[in-house]
Amino acid sequence: MGIGWYRKHFKLPASADGQKVFLQFDGMRQAGRFYLNGQQIGLYENGVTAFGLDIHQVRQVSAARKTSSR
């Protein structure tokens with residue numbers, strides 16, 4: 001086995017403007033690095049528990065987004 005990538009494209013609704021926004025993950029097998037449009041937004045090393053990343057400072061509501069997990 002090697003390193004795997006997961007990518008998801010999404011667009012936030014206008015109603016999210018001014019709100020805190022989190023990316024929610026149900027867990028990973030070991031550790032992961034997380035990116036939003038190529039910018040690293042988090043590192044998680046605690047195994048299979050669920051966690052979330054606050055992205056309200058690195059987002060624009062009307063823009064298309066791509067999240068990547070490694």
Side-chain angles (χ1 to χ4, degrees):
M1 289 252 157
I3 294 173
W5 284 88
Y6 172 80
R7 291 183 177 89
K8 174 80 174 175
H9 295 262
F10 65 96
K11 189 173 182 180
L12 295 171
S15 62
D17 193 25
Q19 303 293 316
K20 284 201 168 195
V21 176
F22 292 86
L23 294 177
Q24 178 70 34
F25 297 90
D26 289 334
M28 302 191 76
R29 183 65 181 143
Q30 290 185 2
R33 295 182 192 275
F34 300 88
Y35 302 85
L36 185 63
N37 288 348
Q39 177 184 349
Q40 186 172 332
I41 58 170
L43 173 66
Y44 187 75
E45 299 179 308
N46 293 327
V48 296
T49 58
F51 63 98
L53 297 169
D54 182 355
I55 63 165
H56 82 277
Q57 294 182 0
V58 293
R59 66 163 174 93
Q60 296 171 343
V61 169
S62 61
R65 296 281 147 204
K66 177 178 72 176
T67 182
S68 303
S69 307
R70 177 177 182 254

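Numbering starts at 1 and runs along the sequence shown.
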Practice task
Check whether any side-chain heavy atom of Leu36 lies under 4.5 Å from a side-chain heavy atom of Leu53, and answer yes or no.
Solution key: no
Practice task
Looking only at non-hydrogen atoms, find the nearest pair between Ala50 and Gln24 and report the distance.
Solution key: CB-NE2, 3.8 Å
Fill in the blank from the handout: In short, Phe10 meets Leu23 closest at the heavy-atom pair CZ-CD2, 4.1 Å
Practice task
May I ask you to decide if the ring planes of Tyr44 and Phe51 are parallel, tilted or perpendicular, using 30° and 60° as cut-offs?
Solution key: parallel
